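Worth saying up front: this structure is predicted, and the values here are computed from it rather than measured.
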Amino acid sequence: MPSPFDTARPYRLSPGVALRPEPFGALAYHFGNRRLSFLKAPELVELVRGLGGHGSVREALAGVPEGRRDALRRALASLAAAEMITPSEPSEPSEPSEPSEPSGAEPQR
């Protein structure tokens, strides 16, 4: 069970998650738990890709217009609950945002 979402902690894209760009934002597929999530805004995709470069979620959200922060914080909390993003240590290197698919894996359609 994932820990509660804490904006004071650093997060990163989970190692087993691939993001596929789409006109509306992106599809996130977790190869471990086979969950599919829709990131419905390009700014959310950019935020998720850049999480690993910040010391905390709060720090990452500081670059977002104030009127959008709460909605994006809720979206990140949902992604954390689905294990699409995971807590990391501040010194932990960021994982690549688009890991290669395991051999023989077929994308969900």
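- With a 6.0 Å radius and a threshold of 12 heavy atoms from other residues, nucleotides or ligands, Glu22 has its CD atom above the threshold.
- Atom NE2 of His30 and atom CD1 of Ile85 lie 11.5 Å apart (nearest 0.5 Å).
- Rounding to the nearest 0.5 Å gives a distance of 6.5 Å between CG of Leu36 and CE of Met84.
- The minimum heavy-atom distance between Ala28 and Leu39, with the atom names listed, is CB-CD1, 3.7 Å.
- In this structure, CZ in Arg49 is found 5.0 Å from CG in Leu19, a value given to the nearest 0.5 Å.
- The side-chain hydrogen bond (donor to acceptor under 3.5 Å, both in side chains) check on Glu43 picks up Arg68, with sequence neighbours excluded.
- Between Asn33 and Arg35, the shortest heavy-atom distance links the atoms OD1-N, 2.9 Å.
- Pairing each heavy atom of Arg73 with each of Phe5, the nearest pair is O-CE2, 3.9 Å.
- Of all heavy-atom pairs between Val57 and Tyr11, the closest is CG2-CD1, 3.5 Å.
- Nearest approach of Val45 to Gly25, heavy atoms of both residues: CG2-C, 3.5 Å.
- Partner of Ser37 under the side-chain contact (heavy atoms from CB on, under 4.5 Å) criterion, chosen from Val17, Leu79, Leu27: Leu79.
- In this structure, Leu13 and Leu51 have side chains that are not in contact, with every pair of non-hydrogen atoms separated by 4.5 Å or more.
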